[in-house]
2 protein chains.
Amino acid sequence: MSEVERAAERQRRGPRADVQRNRAALLAAAQRHFLMSGVGASLEAIAKEAGVGPATLYRHFPSREALLAAVLQTRADELVARRTAIARLDDAAEALEQWLRAMEDYFSAFSGLPEPLMAAAREHRPDNPLTLPCDLLITATDEYVQSAQRAGHVRTSVRGYDLFLAAVSVAWLKGTGAADAESLDRLRSLLHTGYRRRTGQTQPAG
Amino acid sequence: MSEVERAAERQRRGPRADVQRNRAALLAAAQRHFLMSGVGASLEAIAKEAGVGPATLYRHFPSREALLAAVLQTRADELVARRTAIARLDDAAEALEQWLRAMEDYFSAFSGLPEPLMAAAREHRPDNPLTLPCDLLITATDEYVQSAQRAGHVRTSVRGYDLFLAAVSVAWLKGTGAADAESLDRLRSLLHTGYRRRTGQTQPAG
DNA sequence: TCCGTATCGGAGGCGGCCTCCGTTTTTGTG
DNA sequence: CACAAAAACGGAGGCCGCCTCCGATACGGA
């Protein structure tokens with residue numbers, strides 16, 4: 001069998017059986033631990049729960065960010081579902097608002113998630129596995145913002161990146177647990193009032 | 001010399017000379033390291049730079065939060081100075097705005113500072129040394145908010161705690177380094193527009 | 001100068017991160 | 001089915017930071 005044929009064979013069959021098993025076990029264990037203890041969960045504990053040694057975890061996921069990105073990938077389906085629901089909306093302002101909430105929920109998946117996300121957004125280096133999902137979200141936000149701006153619902157000074165940052169910040173705040181649901185709602189309302197383009201009429205004061 | 005007299009003597013002279021020396025050295029080293037590496041700086045490195053053993057650091061400051069609170073205490077003077085400057089202002093809205101900026105700068109003193117602050121605000125237990133400064137800031141914010149509300153400049157649905165949380169969030173965002181100065185300004189502007197009570201006239205759109 | 005006492009600081013246990021390298025599992029072949 | 005090459009595994013171990021004993025030390029009063 002030639003080199004080429006062997007490569008094709010491997011592609012068809014996929015990775016070795018134990019590799020698939022271990023990867024799945026690691027992802028499941030990681031999700032559980034991230035949910036329980038936040039993104040700072042002990043990697044050794046995750047490996048132990050998955051029934052593998054530490055080295056196997058690091059071979060599959062060279063860094064905490066890589067593992068985090070892989071776990072988040074499994075959660076992206078939910079975000080896609082919400083995007084299709086949003087796509088059915090007529091109102092661009094409503095679409096933007098729902099998208100911001102969807103992102104906020106996504107960022108709140110695990111406590112402490114905003115930190116590594118912002119690190120990825122700052123470094124902006126492709127070797128950080130979180131950079132790609134981060135960029136996708138920023139781009140999507142910008143599209144919603146521009147669409148709402150064309151419809152005259154959002155002030156033109158606002159950038160998509162600004163609202164992305166705002167959503168991450170609110171998610172961070174939620175993750176700290178120091179804000180009750182009402183405070184969070186008021187904060188979102190503050191932001192909403194801020195980015196919305198003002199219409200002529202006066203809203204009820206207070 | 002009686003027990004009582006000896007106690008009075010100690011109060012007059014203050015703590016032992018080495019205690020004072022070590023405490024000062026620890027605070028100086030801690031400030032340097034917190035500035036360089038954020039609030040997660042290695043406590044052992046701080047102790048080493050201060051020329052003391054780890055045990056001495058822990059005797060003086062039983063927890064990272066205690067050390068942090070002590071270092072912040074030395075920074076509180078700056079905040080007090082800004083409060084007196086603010087007190088000279090006539091406009092309650094301007095006073096609130098400047099106060100929010102003063103808090104944001106205070107929270108930005110060290111990278112990662114918002115985290116333990118919010119932990120203190122959440123737990124709200126007096127054994128956390130950060131609870132007291134946190135509560136003072138919240139109370140002060142509420143006073144500024146109520147004053148601005150009485151003057152009709154701020155929506156009555158807004159709580160001081162909400163704006164405290166907003167200031168911490170912006171400081172957190174600044175600390176991540178993912179937001180440039182312009183984005184931060186736009187975000188502050190969003191929040192400002194949000195909490196400000198609307199007047200009748202329409203502002204320039206965009 | 002000496003003593004009692006408060007304070008000091010190094011040694012060491014623990015847990016998490018990460019890597020080397022001998023061992024095992026898988027896969028494809030004869 | 002047995003075998004061999006290749007791929008993957010996992011435990012041991014080095015490193016570092018956190019935190020705590022406890023013998024050694026420095027301070028302050030007499």
Side-chain angles (χ1 to χ4, degrees), chain A residues 1-27 29-30 33-34 36-68 112 115-116 119 127 129, chain B residues 1-27 29-30 33-34 36-68 112 115-116 119 127 129:
Chain A
M1 182 182 276
S2 76
E3 286 278 344
V4 180
E5 283 170 326
R6 219 179 307 163
E9 183 77 7
R10 236 188 299 144
Q11 181 137 23
R12 190 176 57 78
R13 298 252 218 179
R16 265 173 57 165
D18 51 353
V19 169
Q20 292 179 302
R21 244 186 297 122
N22 287 335
R23 181 184 165 87
L26 281 168
L27 285 177
H33 279 254
F34 286 154
M36 288 192 317
S37 322
V39 298
S42 160
L43 297 182
E44 297 213 333
I46 291 175
K48 181 170 287 185
E49 179 173 315
V52 305
T56 298
L57 189 155
Y58 285 100
R59 207 172 301 110
H60 282 260
F61 308 102
S63 65
R64 183 182 295 274
E65 285 72 32
L67 178 55
L68 199 48
E115 231 88 11
D127 61 320
Chain B
M1 184 183 273
S2 77
E3 286 280 345
V4 179
E5 281 168 328
R6 220 180 309 164
E9 184 76 6
R10 238 189 298 143
Q11 183 136 23
R12 189 175 58 78
R13 299 253 217 177
R16 259 172 60 166
D18 52 351
V19 169
Q20 291 179 304
R21 245 186 297 122
N22 288 334
R23 181 184 166 88
L26 281 169
L27 284 177
H33 279 255
F34 285 154
M36 289 191 320
S37 322
V39 299
S42 161
L43 298 182
E44 297 213 334
I46 292 175
K48 180 170 288 185
E49 178 171 317
V52 305
T56 298
L57 190 155
Y58 285 100
R59 207 172 302 111
H60 281 259
F61 307 102
S63 65
R64 183 182 294 275
E65 284 72 31
L67 178 56
L68 200 48
E115 232 90 12
D127 60 323

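Proteins come first, then strands; the chains are lettered A, B, ... in the order of their sequence lines, and each starts at number 1. This is a predicted model, so every value here is computed, not measured.
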| message | Going by salt bridge (charged side-chain N to carboxylate O under 4.0 Å, His left out), name the residues that satisfy it together with A:Arg21, two or more places apart in sequence or in a different chain. | response |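 Once residues adjacent in sequence are excluded, A:Arg21 has no partner under the salt bridge (charged side-chain N to carboxylate O under 4.0 Å, His left out) criterion.
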| message | Under the rule for salt bridge (charged side-chain N to carboxylate O under 4.0 Å, His left out), what residues qualify as partners of A:Arg64, not counting sequence neighbours? | response |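 A:Arg64 satisfies salt bridge (charged side-chain N to carboxylate O under 4.0 Å, His left out) with no other residue.
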Over all atoms of both residues, closest heavy-atom pair of [X] and [Y]:
{"X": "A:Val39", "Y": "A:Gly112", "answer": "CG2-O, 3.3 Å"}
{"X": "A:His60", "Y": "A:Val19", "answer": "CE1-O, 3.4 Å"}
{"X": "A:Phe34", "Y": "A:Ala41", "answer": "CD2-CB, 4.1 Å"}

| What parts of residues 16-25 of chain A reach DNA chain D, counting only heavy atoms under 4.0 Å away? | A:Arg16, A:Asp18, A:Val19, A:Asn22
| said: It should be established whether A:Thr56 places a side-chain nitrogen or oxygen under 4.0 Å from OP1 or OP2 of nucleotide D:dA8. | reply: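 So the side-chain polar atoms of A:Thr56 never come under 4.0 Å of the phosphate oxygens OP1 or OP2 of D:dA8.
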| query | Does OP1 or OP2 of D:dA8 have a side-chain N or O of A:His60 closer than 4.0 Å? | reply | no
| field | Rounded to 10 degrees, the angle between the two terminal axes of the helix from C:dT1-D:dA30 to C:dG30-D:dC1, each from five pairs | value |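 Comparing the first five pairs with the last five, the axes sit 10° apart.
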| request: Please identify each residue that fulfils side-chain hydrogen bond (donor to acceptor under 3.5 Å, both in side chains) with B:Glu65, with sequence neighbours left out. | output: none
Mind listing the side-chain donor-acceptor pairs of residues 43-59 of chain B below 3.5 Å, one per line with the distance, residues two or more places apart or on another chain?
from, atom 1, to, atom 2, distance (Å)
B:Glu49, OE1, B:His33, NE2, 2.7
B:Glu49, OE2, B:Arg32, NE, 2.6

List, with names and distances, any nitrogen or oxygen atoms from the protein found under 3.5 Å away from nitrogen or oxygen atoms belonging to nucleotides 14-20 of chain C.
from, atom 1, to, atom 2, distance (Å)
C:dC17, OP1, A:Arg64, NH2, 2.5
C:dC17, OP2, A:Leu43, N, 3.0
C:dC17, OP2, A:Glu44, N, 3.4
C:dC17, N4, A:Glu44, OE2, 3.3
C:dC18, OP2, A:Tyr58, OH, 3.1
C:dC18, N4, A:Glu44, OE2, 2.9

| query | To the nearest angstrom, how far is B:Leu67 atom CG from D:dC18 atom C1'? | reply | 14 Å
